[in-house]
Amino acid sequence: MSQLGCICGERMTKTSCPSPCSLDIFYKAEVDKAIYEDPAIALHSFLSGWDERNDCAKEYMDRPEPVDYWYCPACKRVYEVQYIPGGRWLRIYKKADVPVAGSFESWTRIYVMPDVETDAATEEDWEILLSDYLQQHDNVQYYLSPDEKIVHAVDKAAAKALFSYELEDSWSPSTEE
């Protein structure tokens, strides 16, 4: 059982399936690479880190260290956490209902996949392709600023930011040395 305390006082857990506190977040390059390598990759294989063609585990997330994402339903903060036993948060993003000013055209596209949505998609069709899932959930697109301090949620049809997330706090293992 994993749990994380939010700075708002809420206790987040991942004991229920699907968990409202669980997110998968990938950079567009990570998703594009997975689909390029296997256009028929299933959503469940991608999320679980499984390469069905080669019948083996595969890491699709290309990060300096393994991370996991948590969402607090109470205050809507998003946590990036070390994905190791006893790991701690690395970054905390706080939601801003009024979009933070600024252009997002040159920002990095990211895919935010809530556990409740991916679970519903695989319950409806276990073999749903990653590419099909992304097309079906493309109304709101997410963009990360070059310094990774702001995320805009953008209405695809209007090309307008709906809300933002701002980096509230960060921690690096190197700061502990």
Side-chain angles (χ1 to χ4, degrees), residues 1-4 12-72 77-93 104 106-154 156 165 167 170-174:
M1 171 167 110
S2 56
Q3 60 182 341
L4 180 68
M12 299 175 286
T13 69
K14 292 190 177 182
T15 55
S16 60
C17 183
S19 172
C21 300
S22 184
L23 296 172
D24 286 296
I25 299 177
F26 290 92
Y27 293 102
K28 183 180 186 306
E30 296 167 332
V31 172
D32 289 350
K33 182 178 177 187
I35 294 172
Y36 174 80
E37 290 176 356
D38 182 3
I41 187 169
L43 174 63
H44 69 85
S45 293
F46 179 74
L47 294 176
S48 65
W50 187 253
D51 182 348
E52 194 129 339
R53 288 182 317 163
N54 298 303
D55 200 28
C56 65
K58 179 158 184 168
E59 185 61 47
Y60 295 104
M61 195 176 277
D62 184 21
R63 310 291 171 81
E65 71 175 298
V67 292
D68 192 22
Y69 293 93
W70 291 73
Y71 173 77
C72 178
R77 282 181 173 86
V78 173
Y79 288 77
E80 182 181 59
V81 179
Q82 293 172 310
Y83 194 55
I84 56 174
R88 76 177 307 270
W89 60 265
L90 298 168
R91 297 190 281 188
I92 303 172
Y93 289 89
F104 58 88
S106 64
W107 292 15
T108 302
R109 173 93 188 267
I110 59 173
Y111 292 96
V112 178
M113 298 182 246
D115 192 37
V116 292
E117 288 181 12
T118 57
D119 185 74
T122 55
E123 281 291 318
E124 184 178 318
D125 176 7
W126 176 246
E127 294 300 326
I128 186 170
L129 299 181
L130 172 61
S131 57
D132 291 341
Y133 171 82
L134 295 174
Q135 284 181 337
Q136 294 170 12
H137 294 84
D138 202 27
N139 295 335
V140 176
Q141 299 178 340
Y142 294 87
Y143 293 89
L144 181 65
S145 66
D147 62 3
E148 299 195 353
K149 292 183 177 181
I150 300 172
V151 175
H152 281 324
V154 176
K156 180 183 175 182
Y165 274 87
L167 183 65
S170 63
W171 174 86
S172 172
S174 63

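Everything numeric in this text was worked out from a predicted model, so none of it was measured.
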*If only atom types and distance count, is the side chain of Ser145 paired as donor or acceptor with the main-chain N or O of Lys149 below 3.5 Å?*
yes
*Verify, without hydrogens or angle tests, whether Asp115 (side chain) and Pro18 (backbone) share a donor-acceptor contact under 3.5 angstrom.*
no
*What's the verdict on salt bridge (charged side-chain N to carboxylate O under 4.0 Å, His left out) for Glu37 and Arg53, showing C-alpha distance, side-chain angles and the deciding distance?*
CA-CA 10 Å; Glu37 290 176 356; Arg53 288 182 317 163; 5.7 Å; no
Find out whether [X] and [Y] are in side-chain contact, i.e. whether some heavy atom of one side chain is under 4.5 Å from a heavy atom of the other.
X: Tyr71; Y: Ser22; result: no
X: Trp70; Y: Leu23; result: no
X: Val31; Y: Leu130; result: yes
X: Glu80; Y: Trp89; result: no
X: Val140; Y: Val154; result: no
X: His44; Y: Tyr133; result: no
X: Tyr69; Y: Tyr79; result: no
X: Met61; Y: Val67; result: yes

Atom [atom1] of [X] and atom [atom2] of [Y]: how far apart are they, to the nearest 0.5 Å?
X: Glu52; Y: Glu127; atom1: CD; atom2: CD; value: 6.0 Å
X: Ile35; Y: Asp32; atom1: CD1; atom2: CG; value: 6.5 Å
X: Glu59; Y: Asp51; atom1: CD; atom2: CG; value: 12.5 Å
X: Ser2; Y: Met12; atom1: OG; atom2: CE; value: 10.0 Å
X: Asp24; Y: Phe46; atom1: CG; atom2: CZ; value: 8.0 Å
X: Leu167; Y: Ile150; atom1: CG; atom2: CD1; value: 9.5 Å

*Criterion side chain to side chain contact (heavy atoms under 4.5 Å, CB included) on Trp50 and Lys58, from CA distance to verdict*: CA-CA 5 Å; Trp50 187 253; Lys58 179 158 184 168; over 6 Å; no
Return the minimal non-hydrogen interatomic distance between [X] and [Y], and the atom names on each side.
X: Cys17; Y: Asp119; result: SG-OD1, 4.2 Å
X: Pro39; Y: Ser131; result: O-OG, 4.3 Å
X: Leu43; Y: Ala121; result: CD2-CB, 4.2 Å
X: Leu90; Y: Pro173; result: CD2-CD, 4.2 Å

*Pair Tyr111 and Tyr27, ring centroids less than 6.0 Å apart*: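 Centroid separation for Tyr111 and Tyr27: 6.0 Å or greater.
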*Looking at residues at least two apart in the chain, or sitting in another chain, which of them share a ring pair (Phe, Tyr, Trp, His ring centres under 6.0 Å) with Tyr143?*
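By the ring pair (Phe, Tyr, Trp, His ring centres under 6.0 Å) rule, Tyr143 matches Phe104.
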*Are Arg88 and Trp171 in a cation-pi contact, defined as NZ or CZ under 6.0 Å from the six-membered ring centre and within 45° of the axis?*
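Ring-cation test returns yes.
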*Under a 4.0 Å N-O cut-off, is there an ion pair linking Asp68 with Lys14?*
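Yes, this pair counts.
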_Between Asp138 and Arg109, does any NZ, NE, NH1 or NH2 come within less than 4.0 Å of an OD or OE carboxylate oxygen?_
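Salt bridge present between Arg109 and Asp138.
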*asked:* For the CG atom on Asn54, are there more than 12 heavy atoms of other groups (residues, nucleotides or ligands in this structure) within a distance under 6.0 Å?
replied: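 Buried by this count: over 12 neighbours within 6.0 Å.
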*asked:* A quick test of your reading: do over 12 heavy atoms of other residues, nucleotides or ligands sit less than 6.0 Å from CD of Glu65?
replied: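 Count over threshold, so yes.
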*Are Tyr60 and Glu30 linked by a side-chain donor-acceptor pair shorter than 3.5 Å?*
no
*Determine, step by step, whether Leu134 and Leu129 satisfy the side chain to side chain contact (heavy atoms under 4.5 Å, CB included) criterion, reporting the C-alpha distance in whole Å, the side-chain angles of both residues, the deciding distance to 0.1 Å, and the verdict.*
CA-CA 9 Å; Leu134 295 174; Leu129 299 181; over 6 Å; no
*Please lay out, stage by stage, how Met113 and Leu47 fare under the test side chain to side chain contact (heavy atoms under 4.5 Å, CB included).*
CA-CA 10 Å; Met113 298 182 246; Leu47 294 176; 4.2 Å; yes
*Using the side chain to side chain contact (heavy atoms under 4.5 Å, CB included) rule, take Tyr93 and Glu148 through it: C-alpha gap first, then chi angles, then the decisive distance, then the call.*
CA-CA 10 Å; Tyr93 289 89; Glu148 299 195 353; 4.2 Å; yes
